[in-house]
Amino acid sequence: MPELPEVETIANNLNAGNRDQPSLIGREILRASLIWERTLAEPGPNEFPERIAGQSILSIGRRGKFLRIQLSTDVLLIHLRMSGDLRVESGAAPIGKHSRLILELAGGIRLAFVDPRKFGRVWLTANPDSILGGLGPEPLDDTFTPQALFEALRGRRRQLKPLLMDQSIIAGLGNIYTDEALHQARLHPLLTSQSITFEQAERLWRSIRSVLRAGIQRNGTSIDWVYQGGDYQKFLRVYGRSSQPCVECGAPIERIIIGQRSTHFCPYCQPSSGYQD
DNA sequence: ACGAGCGCCTGTCGGC
DNA sequence: TGCCGACAGGCGCTCG
(Lines give C-alpha, C1' and ligand atoms only; values in the text may rest on other atoms or scores of the structure.)
Protein backbone atom coordinates (compact mmCIF):
# COMPACT_ATOMS: atom_id res chain seq x y z
CA MET A 1 0.00 0.00 0.00
CA PRO A 2 1.87 2.83 1.37
CA GLU A 3 4.19 5.51 0.18
CA LEU A 4 5.15 8.62 2.07
CA PRO A 5 1.73 10.36 1.98
CA GLU A 6 -0.15 7.27 3.18
CA VAL A 7 2.33 6.61 5.99
CA GLU A 8 2.19 10.26 7.00
CA THR A 9 -1.62 10.10 7.12
CA ILE A 10 -1.55 6.96 9.26
CA ALA A 11 0.96 8.56 11.65
CA ASN A 12 -1.18 11.69 11.93
CA ASN A 13 -4.29 9.67 12.74
CA LEU A 14 -2.53 7.62 15.41
CA ASN A 15 -1.13 10.81 16.93
CA ALA A 16 -4.11 13.09 16.98
CA GLY A 17 -6.92 10.59 16.69
CA ASN A 18 -10.01 11.39 14.62
CA ARG A 19 -13.74 10.81 14.60
CA ASP A 20 -13.40 7.01 14.70
CA GLN A 21 -10.28 6.52 16.78
CA PRO A 22 -8.73 7.98 19.94
CA SER A 23 -5.16 9.24 20.09
CA LEU A 24 -2.56 6.69 21.17
CA ILE A 25 -0.26 9.22 22.80
CA GLY A 26 0.45 8.44 26.44
CA ARG A 27 -1.09 4.96 26.35
CA GLU A 28 0.63 2.07 28.04
CA ILE A 29 1.13 -1.18 26.13
CA LEU A 30 -0.27 -3.92 28.34
CA ARG A 31 0.36 -6.97 26.21
CA ALA A 32 1.58 -8.00 22.77
CA SER A 33 0.55 -11.01 20.77
CA LEU A 34 2.39 -12.03 17.66
CA ILE A 35 0.16 -13.94 15.29
CA TRP A 36 2.50 -14.31 12.28
CA GLU A 37 6.05 -14.78 13.48
CA ARG A 38 7.87 -13.50 10.41
CA THR A 39 6.25 -10.09 10.86
CA LEU A 40 8.75 -9.53 13.66
CA ALA A 41 12.19 -8.58 12.41
CA GLU A 42 13.79 -7.80 15.77
CA PRO A 43 14.17 -8.93 18.58
CA GLY A 44 13.14 -12.61 18.84
CA PRO A 45 9.53 -13.72 19.38
CA ASN A 46 10.15 -14.53 23.04
CA GLU A 47 11.91 -11.30 23.93
CA PHE A 48 9.53 -8.96 22.08
CA PRO A 49 6.39 -9.31 24.26
CA GLU A 50 8.32 -9.16 27.52
CA ARG A 51 10.26 -6.12 26.46
CA ILE A 52 7.38 -4.07 25.04
CA ALA A 53 4.88 -4.70 27.84
CA GLY A 54 4.77 -1.80 30.29
CA GLN A 55 6.23 0.76 27.88
CA SER A 56 4.11 3.77 26.95
CA ILE A 57 3.67 5.49 23.59
CA LEU A 58 5.36 8.88 23.74
CA SER A 59 5.21 10.06 20.12
CA ILE A 60 4.47 8.78 16.63
CA GLY A 61 6.29 9.93 13.53
CA ARG A 62 7.52 8.88 10.11
CA ARG A 63 10.89 8.45 8.43
CA GLY A 64 10.64 7.58 4.76
CA LYS A 65 8.03 4.86 4.60
CA PHE A 66 8.73 3.71 8.18
CA LEU A 67 6.42 4.53 11.06
CA ARG A 68 8.52 5.49 14.05
CA ILE A 69 6.84 5.05 17.44
CA GLN A 70 8.83 6.33 20.39
CA LEU A 71 8.19 4.25 23.50
CA SER A 72 9.39 4.80 27.06
CA THR A 73 12.71 3.06 26.48
CA ASP A 74 12.69 1.62 22.96
CA VAL A 75 11.57 2.64 19.48
CA LEU A 76 8.99 0.61 17.56
CA LEU A 77 9.57 0.76 13.80
CA ILE A 78 6.91 -0.50 11.42
CA HIS A 79 7.25 -0.91 7.65
CA LEU A 80 3.92 -1.62 5.94
CA ARG A 81 5.44 -2.79 2.63
CA MET A 82 2.73 -3.66 0.07
CA SER A 83 -0.42 -4.37 2.05
CA GLY A 84 0.12 -3.37 5.67
CA ASP A 85 -2.16 -1.10 7.70
CA LEU A 86 -2.63 -0.12 11.33
CA ARG A 87 -6.05 -0.17 12.97
CA VAL A 88 -7.18 1.06 16.33
CA GLU A 89 -9.88 -1.31 17.56
CA SER A 90 -11.94 -2.00 20.62
CA GLY A 91 -10.22 -4.55 22.83
CA ALA A 92 -13.43 -6.57 22.70
CA ALA A 93 -13.65 -6.83 18.90
CA PRO A 94 -12.84 -10.17 17.24
CA ILE A 95 -9.31 -10.51 15.86
CA GLY A 96 -9.36 -9.85 12.12
CA LYS A 97 -8.35 -12.51 9.64
CA HIS A 98 -5.30 -10.55 8.47
CA SER A 99 -4.07 -9.27 11.82
CA ARG A 100 -0.41 -10.24 12.26
CA LEU A 101 0.45 -8.43 15.51
CA ILE A 102 -1.78 -7.07 18.27
CA LEU A 103 -0.77 -4.54 20.94
CA GLU A 104 -3.30 -4.31 23.76
CA LEU A 105 -3.33 -0.80 25.18
CA ALA A 106 -4.61 0.85 28.31
CA GLY A 107 -8.21 2.04 28.08
CA GLY A 108 -9.71 -1.06 26.47
CA ILE A 109 -8.34 -0.52 22.96
CA ARG A 110 -5.71 -2.17 20.85
CA LEU A 111 -3.48 -1.43 17.90
CA ALA A 112 -3.65 -4.11 15.22
CA PHE A 113 -1.04 -4.51 12.49
CA VAL A 114 -3.08 -5.86 9.58
CA ASP A 115 -1.19 -7.20 6.58
CA PRO A 116 -2.82 -9.62 4.12
CA ARG A 117 0.34 -10.28 2.10
CA LYS A 118 2.62 -10.65 5.15
CA PHE A 119 5.44 -8.54 3.65
CA GLY A 120 5.37 -5.95 6.45
CA ARG A 121 8.00 -5.91 9.22
CA VAL A 122 8.25 -4.64 12.81
CA TRP A 123 11.39 -3.81 14.81
CA LEU A 124 11.66 -3.05 18.51
CA THR A 125 15.03 -1.47 19.09
CA ALA A 126 16.98 0.91 21.27
CA ASN A 127 18.98 1.98 18.25
CA PRO A 128 16.65 2.92 15.36
CA ASP A 129 19.53 4.36 13.35
CA SER A 130 20.78 0.84 12.80
CA ILE A 131 17.66 0.31 10.65
CA LEU A 132 16.98 3.82 9.33
CA GLY A 133 20.61 4.78 8.78
CA GLY A 134 20.70 3.88 5.11
CA LEU A 135 17.80 6.12 4.12
CA GLY A 136 18.31 9.13 1.90
CA PRO A 137 16.97 12.62 2.67
CA GLU A 138 13.35 13.40 3.47
CA PRO A 139 12.03 14.96 0.26
CA LEU A 140 9.96 17.57 2.10
CA ASP A 141 12.80 18.71 4.36
CA ASP A 142 14.76 21.91 3.76
CA THR A 143 17.93 19.86 3.44
CA PHE A 144 16.57 18.33 0.23
CA THR A 145 17.45 20.97 -2.35
CA PRO A 146 17.52 21.09 -6.16
CA GLN A 147 21.31 21.10 -5.91
CA ALA A 148 21.28 17.96 -3.72
CA LEU A 149 19.03 16.15 -6.19
CA PHE A 150 21.12 17.27 -9.16
CA GLU A 151 24.27 15.95 -7.53
CA ALA A 152 22.62 12.64 -6.65
CA LEU A 153 21.57 12.25 -10.28
CA ARG A 154 24.87 13.34 -11.75
CA GLY A 155 26.84 11.03 -9.49
CA ARG A 156 25.28 7.93 -11.04
CA ARG A 157 24.44 6.37 -14.31
CA ARG A 158 21.04 4.92 -13.81
CA GLN A 159 17.48 4.98 -15.19
CA LEU A 160 15.47 7.74 -13.51
CA LYS A 161 12.58 5.60 -12.32
CA PRO A 162 14.51 2.97 -10.33
CA LEU A 163 16.82 5.67 -9.02
CA LEU A 164 13.93 7.70 -7.59
CA MET A 165 12.48 4.58 -5.99
CA ASP A 166 15.81 3.76 -4.34
CA GLN A 167 15.25 4.66 -0.68
CA SER A 168 18.93 5.44 -0.15
CA ILE A 169 18.64 8.28 -2.70
CA ILE A 170 15.31 9.76 -1.51
CA ALA A 171 13.21 8.29 1.30
CA GLY A 172 9.50 7.87 0.65
CA LEU A 173 8.79 7.68 -3.06
CA GLY A 174 7.12 4.52 -4.40
CA ASN A 175 5.58 3.42 -7.66
CA ILE A 176 2.63 5.81 -7.79
CA TYR A 177 4.25 9.08 -6.76
CA THR A 178 7.38 8.40 -8.84
CA ASP A 179 5.33 8.04 -12.02
CA GLU A 180 3.32 11.15 -11.13
CA ALA A 181 6.44 13.22 -10.36
CA LEU A 182 8.16 12.22 -13.60
CA HIS A 183 5.07 13.15 -15.60
CA GLN A 184 4.73 16.52 -13.92
CA ALA A 185 8.44 17.16 -14.56
CA ARG A 186 8.02 16.04 -18.20
CA LEU A 187 10.84 13.51 -17.91
CA HIS A 188 10.83 10.02 -19.43
CA PRO A 189 11.30 7.30 -16.78
CA LEU A 190 14.13 5.65 -18.75
CA LEU A 191 16.27 8.79 -19.03
CA THR A 192 19.75 8.24 -17.66
CA SER A 193 20.37 10.19 -14.47
CA GLN A 194 23.68 11.53 -15.75
CA SER A 195 22.01 13.15 -18.75
CA ILE A 196 19.75 15.35 -16.60
CA THR A 197 20.54 19.07 -16.68
CA PHE A 198 20.35 21.28 -13.62
CA GLU A 199 17.18 22.86 -14.95
CA GLN A 200 15.55 19.43 -15.39
CA ALA A 201 16.66 18.38 -11.91
CA GLU A 202 15.14 21.51 -10.46
CA ARG A 203 11.86 20.73 -12.25
CA LEU A 204 11.95 17.18 -10.91
CA TRP A 205 12.67 18.46 -7.39
CA ARG A 206 9.65 20.74 -7.59
CA SER A 207 7.44 17.95 -8.96
CA ILE A 208 8.46 15.42 -6.31
CA ARG A 209 7.54 17.86 -3.54
CA SER A 210 4.38 18.93 -5.31
CA VAL A 211 2.93 15.42 -5.75
CA LEU A 212 3.89 14.35 -2.21
CA ARG A 213 2.33 17.46 -0.66
CA ALA A 214 -0.82 17.01 -2.73
CA GLY A 215 -0.98 13.35 -1.71
CA ILE A 216 -0.73 14.26 1.97
CA GLN A 217 -3.37 16.96 1.55
CA ARG A 218 -5.76 14.33 0.13
CA ASN A 219 -4.87 11.80 2.88
CA GLY A 220 -3.10 9.53 0.41
CA THR A 221 -4.20 7.37 -2.52
CA SER A 222 -6.90 4.69 -2.18
CA ILE A 223 -6.93 2.53 -5.29
CA ASP A 224 -8.24 -0.77 -3.96
CA TRP A 225 -9.21 -2.73 -0.85
CA VAL A 226 -5.78 -2.27 0.76
CA TYR A 227 -5.82 1.35 1.96
CA GLN A 228 -8.95 3.40 2.62
CA GLY A 229 -9.56 6.99 3.50
CA GLY A 230 -7.55 8.92 0.91
CA ASP A 231 -8.76 10.38 -2.35
CA TYR A 232 -5.64 11.40 -4.24
CA GLN A 233 -6.53 8.66 -6.76
CA LYS A 234 -8.95 11.22 -8.23
CA PHE A 235 -6.01 13.41 -9.19
CA LEU A 236 -3.61 10.84 -10.67
CA ARG A 237 -2.48 11.81 -14.16
CA VAL A 238 -0.61 8.70 -15.30
CA TYR A 239 -0.64 5.92 -12.68
CA GLY A 240 -3.27 3.32 -13.56
CA ARG A 241 -4.35 5.29 -16.64
CA SER A 242 -2.68 3.28 -19.41
CA SER A 243 -4.29 3.87 -22.84
CA GLN A 244 -6.42 6.69 -21.42
CA PRO A 245 -5.79 10.19 -22.79
CA CYS A 246 -3.09 12.32 -21.19
CA VAL A 247 -4.70 15.21 -19.30
CA GLU A 248 -2.13 17.58 -20.81
CA CYS A 249 -2.03 16.58 -24.47
CA GLY A 250 -4.57 13.81 -25.14
CA ALA A 251 -2.03 11.20 -26.22
CA PRO A 252 -2.70 7.73 -24.80
CA ILE A 253 -0.77 6.98 -21.60
CA GLU A 254 1.70 4.13 -22.07
CA ARG A 255 2.54 1.35 -19.65
CA ILE A 256 5.90 -0.38 -19.65
CA ILE A 257 7.78 -2.50 -17.13
CA ILE A 258 10.93 -1.05 -15.55
CA GLY A 259 12.67 -3.02 -12.83
CA GLN A 260 9.69 -5.38 -12.54
CA ARG A 261 7.39 -2.45 -11.73
CA SER A 262 4.68 -1.17 -14.01
CA THR A 263 5.47 2.34 -15.19
CA HIS A 264 3.03 4.84 -16.65
CA PHE A 265 3.98 7.84 -18.75
CA CYS A 266 2.89 10.09 -21.59
CA PRO A 267 5.07 9.41 -24.67
CA TYR A 268 4.44 12.96 -25.92
CA CYS A 269 4.88 15.01 -22.72
CA GLN A 270 7.79 12.82 -21.56
CA PRO A 271 9.97 12.35 -24.65
CA SER A 272 12.55 9.57 -24.55
CA SER A 273 15.19 11.41 -26.55
CA GLY A 274 18.54 11.18 -24.87
CA TYR A 275 18.02 8.12 -22.77
CA GLN A 276 21.09 6.51 -24.31
CA ASP A 277 23.27 9.25 -22.79
C1' DA B 1 27.67 0.09 -10.21
C1' DC B 2 23.82 -1.42 -12.44
C1' DG B 3 19.89 -4.10 -14.10
C1' DA B 4 17.39 -8.37 -14.38
C1' DG B 5 15.16 -12.20 -12.07
C1' DC B 6 13.18 -14.17 -8.25
C1' DG B 7 11.27 -14.86 -3.61
C1' DC B 8 8.21 -13.48 -0.16
C1' DC B 9 2.40 -13.82 0.30
C1' DT B 10 -2.77 -13.25 -0.33
C1' DG B 11 -6.48 -11.33 -2.74
C1' DT B 12 -8.96 -9.53 -6.80
C1' DC B 13 -10.23 -9.29 -11.42
C1' DG B 14 -10.98 -10.52 -16.25
C1' DG B 15 -11.13 -14.10 -19.75
C1' DC B 16 -12.56 -18.51 -21.10
C1' DT C 1 -19.55 -21.85 -11.47
C1' DG C 2 -14.64 -22.83 -11.70
C1' DC C 3 -9.99 -22.49 -13.21
C1' DC C 4 -5.89 -19.79 -14.58
C1' DG C 5 -3.02 -16.08 -15.39
C1' DA C 6 -1.99 -11.27 -14.57
C1' DC C 7 -1.49 -8.01 -11.37
C1' DA C 8 -0.93 -5.35 -6.80
C1' DG C 9 1.33 1.73 -2.91
C1' DG C 10 7.99 -2.98 -1.38
C1' DC C 11 12.30 -4.66 -0.75
C1' DG C 12 16.23 -7.94 -0.19
C1' DC C 13 18.88 -11.40 -2.36
C1' DT C 14 21.49 -13.44 -6.03
C1' DC C 15 23.90 -13.29 -10.51
C1' DG C 16 25.90 -11.53 -14.54
Side-chain angles (χ1 to χ4, degrees), chain A residues 1-11 35-42 62-67 77-86 96-101 113-123 131-132 134-136 139 152-182 189-195 208 211-212 214-216 218-236 238-243 255-264 275-277:
Chain A
M1 154 197 39
E3 305 179 35
L4 186 154
E6 291 77 36
V7 179
E8 175 106 2
T9 301
I10 290 169
I35 296 161
W36 181 254
E37 252 194 40
R38 299 189 60 174
T39 292
L40 187 60
E42 178 185 328
R62 176 191 62 73
R63 173 76 173 97
K65 301 176 194 171
F66 287 81
L67 277 150
L77 295 175
I78 302 177
H79 199 304
L80 303 168
R81 296 279 181 97
M82 286 292 265
S83 64
D85 198 4
L86 290 171
K97 182 184 177 190
H98 299 118
S99 290
R100 310 302 180 197
L101 173 66
F113 177 49
V114 176
D115 184 21
R117 293 182 71 181
K118 301 176 175 171
F119 292 162
R121 290 292 178 270
V122 171
W123 297 255
I131 294 127
L132 304 176
L135 292 177
L153 297 173
R154 193 177 53 178
R156 305 159 192 271
R157 196 177 183 84
R158 208 167 159 192
Q159 297 168 336
L160 277 189
K161 160 106 182 202
L163 180 132
L164 293 176
M165 291 186 62
D166 183 335
Q167 301 299 297
S168 72
I169 307 291
I170 305 169
L173 285 175
N175 210 31
I176 294 178
Y177 294 93
T178 299
D179 282 3
E180 294 298 316
L182 285 169
L190 287 174
L191 287 172
T192 301
S193 54
Q194 246 180 2
S195 74
I208 288 168
V211 298
L212 291 175
I216 291 170
R218 308 306 316 189
N219 294 319
T221 304
S222 301
I223 52 177
D224 61 20
W225 48 278
V226 175
Y227 173 81
Q228 306 293 323
D231 67 348
Y232 191 60
Q233 68 278 7
K234 295 176 185 165
F235 304 92
L236 298 177
V238 284
Y239 185 87
R241 296 192 66 247
S242 51
S243 77
R255 177 180 174 273
I256 59 174
I257 302 296
I258 305 175
Q260 283 77 248
R261 307 304 300 275
S262 77
T263 300
H264 314 74
Y275 78 70
Q276 307 288 345
D277 287 357

Answer with base, sugar-phosphate or nothing: what part of the nucleic acid does [X] contact at a heavy-atom distance below 4.0 Å?
X      : answer
A:R156 : sugar-phosphate
A:Q260 : base
A:D224 : base
A:S222 : base
A:K161 : nothing

Exercise for review: Can you see which heavy atom on A:F113 is nearest to which on A:G84, and at what distance?
Suggested key: CE1-CA, 4.2 Å
Practice item. Let me see the working for A:Y232 and A:E6 under side-chain hydrogen bond (donor to acceptor under 3.5 Å, both in side chains), right down to the final yes or no. Key: CA-CA 10 Å; A:Y232 191 60; A:E6 291 77 36; over 6 Å; no
Exercise for review: Please report the C-alpha distance between A:M165 and A:R261 in whole Å, then the side-chain angles of each, then the deciding distance to 0.1 Å, and finally whether the side chain to side chain contact (heavy atoms under 4.5 Å, CB included) criterion is met.
Suggested key: CA-CA 10 Å; A:M165 291 186 62; A:R261 307 304 300 275; 3.6 Å; yes
Point to revise | Salt bridge flag under 4.0 Å for residues A:K234 and A:D231 | key: yes
Review point. Say you pick atom C1' in B:dG3 and the same atom in C:dA8; how far apart are they, in whole Å?
Key: 22 Å
**Study point:** Separation of the P atoms in C:dC3 and B:dC9, to the nearest angstrom
**Key:** 25 Å
Exercise for review: Report the residues that fulfil side chain to side chain donor-acceptor pair (under 3.5 Å) with A:Q159, sequence neighbours left out, ordered by chain and then residue number.
Suggested key: none
Review point. Can you find a heavy atom in the side chain of A:L40 that is under 4.5 Å from one in the side chain of A:L101?
Key: no
Point to revise | A:R62 vs A:L67 side-chain heavy atoms within contact, under 4.5 Å | key: no
Review point. In terms of the nearest nucleotide of DNA chain B, which residue is placed more toward the 5' end: A:W225 or A:R158?
Key: A:R158
Check your understanding: Does A:S262 make a side-chain N or O approach to OP1 or OP2 of C:dA8 shorter than 4.0 Å?
Key -> yes
Review point. In dot-bracket, 5' to 3', how would DNA chain C read with Watson-Crick or G-U wobble pairs under 3.5 Å, [ ] for crossing ones and | for pairs to another strand?
Key: .|||||||.|||||||
Study note, to complete from the structure: Its 5'-most and 3'-most nucleotides having an atom under 4.0 Å from a non-hydrogen atom of chain A, DNA chain B is contacted over B:dC2 to B:dT12
Point to revise | Positive for side chain to side chain contact (heavy atoms under 4.5 Å, CB included) with A:Y177, one of A:L164, A:L182, A:T221 | key: A:T221
